[in-house]
Amino acid sequence: MKAIESSEWVIDGALTVWEPSDQMAEAPTNTPTDPTPPSFLQKDHIRGVLTQRQAGNTHRAYTCAVATLPGPLNTDAMTKAVNNFVRSHEGLRSTFVVNTDTASAQGTNGDAADAATAKASGGQPEFGGASVERKTVPASAIDLVPRVFAEAPDGAGTTTANDILNDYLPTHAVFDHFPGFVIGAVDKGKYCEVFYAVDHAFGDGLSLCVGILELMARYTGTPAPGLVEDTHPSFVEYTREEYQRAATVTPDSPGVKLMQEFVQATGGAPRFPLPTGIENNEPQPVKETQADFTLADANDVKVLRALAHEKGVSFSTVVFALLALAEHKAAKTSRYSTIVVNSTRGKKYATSQGWFCNFNPLTFDITGETLDDILPTVAEAQQKMREVLYEPVHASIMPLLAGGAVDASIFDSPQLVTYMDLSWFTEPEGSNIRLLTGTGKTKNASLWVFRNPDGLLVGSQAPDNPVAAESLQTFFHAFRDAVQDAVQNAASDRQ
């Protein structure tokens with residue numbers, strides 16, 4: 001399993017997509033409104049998409065996974081797999097209906113008169129006055145049917161299957177299309193590829209991983225308890241639970257206090273510590289960059305895991321300590337601060353489809369030059385972060401905004417760091433699972449670190465310019481040096 005840029009995946013076979021039948025396409029219209037509001041992250045996403053749409057920009061805030069399957073495409077088997085997959089996930093059977101007739105003009109000052117008008121007309125100020133309702137259709141309404149979208153290329157045409165799909169996904173893998181994802185396959189004769197592209201409102205990185213594995217298992221008939229189930233715990237239910245937790249947050253809640261401490265330490269949104277080439281605070285197109293080397297191979301990871309066990313800390317504590325040491329070496333920083341994208345799935349939602357994340361602040365002083373020096377400090381900071389894992393960050397921020405302790409602008413395009421442990425995924429032999437990174441714009445360089453059976457890897461989504469590219473290479477090498485120093489020191493201690 002690896003991450004690649006979307007441009008690296010070339011469709012060179014017959015392309016089929018599974019689309020809703022006429023009856024399924026009408027299901028949201030015939031379904032009562034679900035009173036469950038969008039989750040906090042879904043609200044952020046919907047606002048962003050609506051703003052981009054009004055500006056005339058193409059929607060690209062979806063992600064995609066691709067995997068290889070043996071033999072030519074069995075359309076009947078894939079049709080059965082796709083439909084049973086969707087029926088088992090209520091979150092994927094959920095969609096949002098936007099009524100822009102109630103919207104006031106985008107960019108109004110939001111005064112009392114505007115708000116009153118929006119409310120009276122059924123609009124919601126948080127969506128620019130548009131009304132957004134959830135519809136969750138029953139499993140019995142799911143009927144996705146295959147449509148051959150593009151035949152195998154003959155080399156004569158100028159429009160490729162990639163071009164066709166790139167035009168198709170922005171209008172289909174989006175929160176207010178039903179369904180808000182696209183599942184398709186590419187028949188290459190001796191083998192085929194299955195892909196799963198999902199709007200960010202309905203899936204996160206782990207959703208892609210478990211989703212493509214579930215589709216493969218359903219297609220091949222491979223037993224996969226926990227992954228292949230008639231019904232998975234629902235993201236819609238999770239959203240209701242999230243609002244219940246948010247309702248208990250007060251100015252004295254641990255998450256509020258941690259966020260206030262974080263803001264006092266950083267003075268604003270955390271930034272990548274090296275130059276990113278941003279000019280006039282204007283966002284630039286994103287480029288996905290992955291280090292062209294492995295930070296740590298499987299044996300190195302084994303050494304670091306043993307070290308974590310000896311020190312009584314988690315492996316992720318070691319990862320964040322090494323990130324801090326890399327930053328210290330590359331940029332001479334004395335304090336590490338970032339926003340961590342944490343999974344909130346727990347055991348209940350381990351294989352469900354949805355956006356099971358919280359954005360938690362992590363900050364600590366870099367109290368030494370080696371891993372052993374700073375591990376206790378990192379462990380303490382990470383424990384404080386874990387204690388507020390399930391306190392929705394949006395609820396943690398609201399008391400600070402309401403009290404004037406912070407300004408919303410400080411949360412503009414913060415650096416995000418994601419650590420994903422993919423080592424527990426059993427990837428079928430020859431499946432070559434690829435996670436295609438999204439596109440968009442950014443003012444920051446966010447990092448993802450993931451562990452798979454081969455070792456530890458790092459990549460980034462950063463502004464697409466030479467300054468950022470050079471800075472990332474500097475940081476990647478500093479990160480590798482920190483990892484290798486830690487491995488060598490741990491090995492020496494055992495001798």
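Source: prediction; values computed, not measured.
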* To do: Just grab all the side chain to side chain donor-acceptor pair (under 3.5 Å) pairs involving residues 204-213, residues at least two apart or on different chains.
  => D204-S207, D204-R345, S207-R345
* Asked: Would you say the side-chain atoms of Q52 pair up with the backbone N or O of T58, donor to acceptor, closer than 3.5 Å?
  -> no
* Asked: Taking the six-membered ring for Trp, are F96 and F202 parallel (under 30°), tilted (30 to 60°) or perpendicular (over 60°)?
  -> parallel
* To do: Could you tell me whether the side chain of N452 and the main chain of G455 form a donor-acceptor pair under 3.5 Å?
  => yes
What donor-acceptor contacts under 3.5 angstrom involve side-chain atoms of residues 303-311, with partners at least two apart or in another chain?
unit_1	atom_1	unit_2	atom_2	d
E310	OE2	R494	NH2	2.9

* Can you sort out the partners of F195 under ring pair (Phe, Tyr, Trp, His ring centres under 6.0 Å), two or more places apart, ordered by chain and number? => W9
Can you list, pair by pair, the side-chain donor-acceptor contacts under 3.5 Å of residues 318-328, counting residues two or more places apart and other chains?
unit_1	atom_1	unit_2	atom_2	d
E327	OE2	T333	OG1	3.4
H328	ND1	T333	O	2.5
H328	NE2	E369	OE1	3.3
H328	NE2	E369	OE2	3.1

* Between H45 (side chain) and L41 (backbone), is there a donor-acceptor pair under 3.5 Å? -> no
* Taking 4.0 angstrom as the limit, do K188 and E193 come out as a salt bridge? -> yes
* salt bridge (charged side-chain N to carboxylate O under 4.0 Å, His left out) evaluation trace for D34 with K135 -> CA-CA 5 Å; D34 186 333; K135 297 292 189 82; over 6 Å; no
* Taking atom types as modelled, find out whether T344 and Y349 have a side-chain donor-acceptor pair closer than 3.5 angstrom. => no
* **Residue pair W448 / S460, side-chain donor-acceptor N/O under 3.5 Å** => no
* Report yes or no: do R134 and Q42 form a side-chain donor-acceptor pair below 3.5 Å? => yes
* Is it true that Y243 and F40 have ring centroids separated by less than 6.0 Å? -> yes
* Taking the six-membered ring of Y419, is NZ or CZ of R451 closer than 6.0 Å to its centre and within 45° of its axis? -> no
* **Partners meeting side-chain contact (heavy atoms from CB on, under 4.5 Å) with T442 (sequence neighbours left out)** => V286, S413, N444, P463
* Asked: Do we see a donor-acceptor contact under 3.5 Å between the side chains of Q382 and T317?
  -> yes
* Asked: So does D199 pair up with R60, basic N to acidic O under 4.0 Å?
  -> no
* **Ring centres under 6.0 angstrom apart (F272, F475)** => yes
* Asked: Do Q23 side-chain atoms and I142 backbone N/O form a donor-acceptor pair below 3.5 Å?
  -> no
* Please assess F479 against F476 for the test ring pair (Phe, Tyr, Trp, His ring centres under 6.0 Å), listing each intermediate value before the final yes or no. => CA-CA 5 Å; F479 194 11; F476 289 163; 8.2 Å; no
* Any side-chain donor near an acceptor of the partner, R240 and Y238, under 3.5 Å -> no
* Polar side chain donor-acceptor pair, R386 to S316, under 3.5 angstrom -> yes
* Salt bridge present between K348 and E237 (N-O < 4.0 angstrom) -> yes
* To do: Please confirm whether the backbone N or O of P392 pairs with a side-chain atom of R245, one donor and one acceptor, at under 3.5 Å?
  => no
* Structure fact -> In short, side chain to side chain donor-acceptor pair (under 3.5 Å) pairs touching residues 370-381 with sequence neighbours left out are T367-T377, T370-D373
* Asked: Donor-acceptor pair, E391 side chain versus G255 backbone, under 3.5 Å?
  -> yes
* To do: Determine whether the side chains of S39 and T239 contain a donor N or O and an acceptor N or O closer than 3.5 Å.
  => no
* Asked: For N360 and N342, does a side-chain donor sit closer than 3.5 Å to a side-chain acceptor?
  -> yes
* Would you say the side chains of T68 and R434 form a donor-acceptor pair under 3.5 Å? -> yes
* Asked: So, does N358 use its side chain to make a donor-acceptor pair with the main chain of Y390 at under 3.5 Å?
  -> no
